[in-house]
Amino acid sequence: MITDSVHILDESKVKIYHPDIKKGLVGWMDCGGSNLAKINEQLPGIVRIVVTTRIDHPDVRARQRAEEFDVPLVELDFRRYEEEHGVKPGDYFKALNPDMHHQIKSQLSPEQIIQVRKDVCRQFLDKIYDAMDKHDISREIPMFAAGGMALLSGEFVNSFYILNVHPGDLTKYSNDGITRGRRTIVGDGWIPPARAIAAGHESLYSSMHTMVPEMDAGPVHMRGYALPIDYNWLMSKGDIRDPEVLKKVGSAAQETLKHIGDHVIAGATFLDLFDGRWGMHESGVLAYRADALWHLAPNGIMIEDHVKYRNGYGSTLFKRDNEFIEGKVREFYDAVTKIIKGEK
């Protein structure tokens with residue numbers, strides 16, 4: 001069964017997302033771009049333009065990826081722009097959060113800092129549109145945030161349908177016993193897996209979600225295969241509560257989740273999107289079409305649901321067999337063994 005699903009009897013209540021696969025997608029990457037390379041390999045030629053908000057960072061390979069894909073590149077260095085306009089690194093996030101205003105280092109008000117981000121997002125959007133028009137690329141195509149490292153303005157986010165892959169389970173929330181609270185497994189890189197381990201989660205997942213202006217807050221489309229965590233084994237090897245050990249274990253988990261999560265759910269979600277299997281119910285909850293029926297999917301679906309409902313129980317491009325998954329899980333535990341030994 002689809003996770004947390006309810007049948008929708010009246011299809012007219014669903015706004016169906018159905019972009020044209022022939023027109024491709026925008027690839028946004030502020031790091032190495034392995035997720036973007038993988039989806040372009042799985043769906044050959046799907047990336048039509050590469051964009052980045054980081055230029056001189058040593059981890060960013062946007063120029064190489066654009067050349068590799070033979071597509072246009074749009075670059076705008078957000079950090080440089082904001083520093084030139086008096087905004088210190090990290091202050092935009094603080095400006096968005098009133099509880100953090102006292103930590104702002106810039107000589108600008110929170111409102112001014114937010115406006116600078118809006119301005120650079122506007123320039124970025126204009127540059128992307130100019131490149132699209134010059135190279136006859138449709139403005140209506142979706143965007144894959146394959147390692148985007150900047151929070152974007154509402155204007156920018158509303159200009160594209162942006163899907164983002166995240167190395168954590170975004171269906172986990174804090175709970176006061178009465179109402180659902182904030183998402184708990186948020187952040188970049190190694191941080192989400194480390195937070196999940198510190199919280200005692202039995203399994204780790206990657207999530208594919210719609211991007212909204214707030215960090216990691218959009219509705220979840222799909223989660224990947226599970227990375228099970230054996231706490232008895234971990235605790236027998238060393239103290240995973242040590243921050244440095246936990247950081248390294250989180251990094252090892254992030255690497256494993258790329259293979260059983262990111263590299264699977266990104267392509268699977270976009271393929272379903274291009275086939276008109278995703279929509280938004282009038283209640284504000286994502287909906288997924290399985291066979292001939294629409295389902296409410298408040299926590300999205302699992303990769304296993306995609307495999308089941310797309311091609312029955314047979315093979316599919318994004319199905320991974322038990323041998324592959326178990327092999328990647330073993331690689332994680334082998335990596336953890338080396339990490340613990342290195343700490344002793």
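The residues of the chain are indexed from 1 along the displayed sequence.
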Only counting residues at least two apart or in another chain, list the ones meeting side-chain hydrogen bond (donor to acceptor under 3.5 Å, both in side chains) with [X].
X: H201; answer: none
X: E140; answer: none
X: S206; answer: D262

### Message
Just so I know, are the side chains of I197 and L246 near enough to count as touching, which here means a heavy-atom distance under 4.5 Å?
### Response
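They are in side-chain contact.
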### Query
Does a side-chain heavy-atom distance below 4.5 Å link F332 with V249?
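When only atoms from C-beta onward are counted, V249 and F332 do touch, with a gap below 4.5 Å.
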Grab the two heavy atoms, one from [X] and one from [Y], that are nearest each other, plus how far apart they are.
X: I128; Y: I49; value: O-CD1, 4.4 Å
X: G218; Y: V212; value: N-CG2, 3.5 Å
X: F160; Y: L125; value: CE1-CD1, 3.6 Å
X: R48; Y: P72; value: O-CD, 3.3 Å
X: T184; Y: R195; value: O-CD, 3.8 Å
X: A268; Y: I303; value: CB-CD1, 3.9 Å

When rounded to the nearest 0.5 angstrom, what is the spacing between [atom1] in [X] and [atom2] in [Y]?
X: N164; Y: L170; atom1: CG; atom2: CG; value: 8.5 Å
X: E282; Y: D10; atom1: CD; atom2: CG; value: 7.5 Å
X: E304; Y: Y225; atom1: CD; atom2: OH; value: 5.5 Å
X: D30; Y: R79; atom1: CG; atom2: CZ; value: 11.5 Å
X: E202; Y: I229; atom1: CD; atom2: CD1; value: 10.5 Å
X: H101; Y: I104; atom1: NE2; atom2: CD1; value: 5.0 Å

Is a side-chain N or O of [X] found less than 3.5 angstrom from the main chain of [Y], in a donor-acceptor match?
X: H281; Y: S283; answer: yes
X: Q112; Y: S109; answer: yes
X: D242; Y: V245; answer: yes
X: D216; Y: G187; answer: yes
X: R54; Y: D77; answer: no
X: T52; Y: E75; answer: no
X: Y333; Y: D230; answer: yes
X: N97; Y: F93; answer: yes
X: H57; Y: D59; answer: yes

### Message
Could you check, using the six-membered ring where one of them is a Trp, whether W278 and H221 have ring centers closer than 6.0 angstrom?
### Response
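Under 6.0 Å, so yes.
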### Task
Compute the centroid of each ring, for Y288 and then for W294, and state whether the two points are separated by less than 6.0 Å.
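No, the ring of Y288 stays outside the 6.0 Å limit from the ring of W294, centre to centre.
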### Query
Which pairs with one or both residues in residues 14-42 pass ring-ring contact (aromatic ring centres under 6.0 Å, His included), sequence neighbours excluded?
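Listed by first then second residue: Y17-Y161.
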### Message
Assess the residue pair D275 and R310 against the criterion (salt bridge (Lys or Arg N to Asp or Glu O under 4.0 Å)); give the C-alpha distance rounded to whole Å, side-chain angles, the decisive distance to 0.1 Å, and a yes or no.
### Response
CA-CA 10 Å; D275 280 351; R310 186 172 181 85; 2.4 Å; yes
### Task
Please determine if K22 and D20 form a salt bridge, counting it only when a charged side-chain N lies under 4.0 Å from a carboxylate O.
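No.
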### Query
Do D130 and K127 sit within salt-bridge range, that is, some charged N less than 4.0 Å from a carboxylate O?
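Salt bridge absent between D130 and K127.
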### Side-chain H-bond candidate by donor/acceptor type, H209 with S207, under 3.5 Å
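There is no such pair between these side chains.
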### Message
Is a donor from one side chain sitting under 3.5 angstrom from an acceptor on the other, for D272 and H306?
### Response
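The criterion, which ignores hydrogens and geometry beyond distance, is satisfied for H306 and D272.
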Hey, can you pull the donor-acceptor pairs under 3.5 Å for the side chains in residues 40-47, sequence neighbours left out?
| from | atom 1 | to | atom 2 | distance (Å) |
| --- | --- | --- | --- | --- |
| N40 | OD1 | I46 | N | 3.2 |
| N40 | OD1 | V47 | N | 3.0 |
| Q42 | NE2 | H263 | O | 2.6 |

### Query
Out of R122, Q115, Q123, which one pairs with D119 under the side chain to side chain donor-acceptor pair (under 3.5 Å) rule?
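Result: among R122, Q115, Q123, Q115 is the only option passing the side chain to side chain donor-acceptor pair (under 3.5 Å) with D119.
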What about [X] and [Y], same hydrophobic cluster or not, with Ile/Leu/Val/Met/Phe/Trp/Tyr joined at side-chain heavy-atom distances under 4.5 Å?
X: F318; Y: M222; value: yes
X: M149; Y: F78; value: no
X: L293; Y: V307; value: no
X: I141; Y: L273; value: no
X: L96; Y: M215; value: yes

### Task
Could you go through the salt bridge (Lys or Arg N to Asp or Glu O under 4.0 Å) check for D91 and K94 one step at a time?
CA-CA 5 Å; D91 276 357; K94 297 170 187 174; 3.7 Å; yes
### Message
Working note: V74 + V50, criterion side chain to side chain contact (heavy atoms under 4.5 Å, CB included); need CA distance, chi angles, decisive distance, verdict.
### Response
CA-CA 6 Å; V74 175; V50 173; over 6 Å; no
### Message
Show, in sequence, the C-alpha distance, side-chain angles and deciding distance for Y92 and I114, and conclude whether the side chain to side chain contact (heavy atoms under 4.5 Å, CB included) test is met.
### Response
CA-CA 6 Å; Y92 175 67; I114 291 171; 4.2 Å; yes
### Message
Can you see whether Y129 has R139 sitting over its ring - NZ or CZ less than 6.0 Å from the centre and within 45° of the normal?
### Response
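Because its charged atom sits under 6.0 Å from the ring centre and within 45° of the axis, R139 does stack over Y129.
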### Task
Test side chain to side chain contact (heavy atoms under 4.5 Å, CB included) on D169 and K172 and set out the steps.
CA-CA 6 Å; D169 185 350; K172 298 297 185 183; 3.4 Å; yes
### Task
Write out all pairs satisfying salt bridge (charged side-chain N to carboxylate O under 4.0 Å, His left out) with one or both partners inside residues 95-118, taking only residues at least two apart or from two chains.
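Listed by first then second residue: E82-R117.
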### Task
Could you check whether the rings of F124 and F156 sit parallel, tilted or perpendicular, using 30° and 60° as the cut-offs?
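Rings of F124 and F156: parallel, as their planes differ by under 30°.
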### Task
Could you go through the side chain to side chain contact (heavy atoms under 4.5 Å, CB included) check for Y81 and V116 one step at a time?
CA-CA 9 Å; Y81 179 94; V116 171; 3.9 Å; yes
### Message
Could you go through E244 and K247, starting from their C-alpha distance and side-chain angles, then the distance that decides it, and tell me whether this counts as salt bridge (Lys or Arg N to Asp or Glu O under 4.0 Å)?
### Response
CA-CA 5 Å; E244 288 303 312; K247 177 179 179 179; 5.3 Å; no
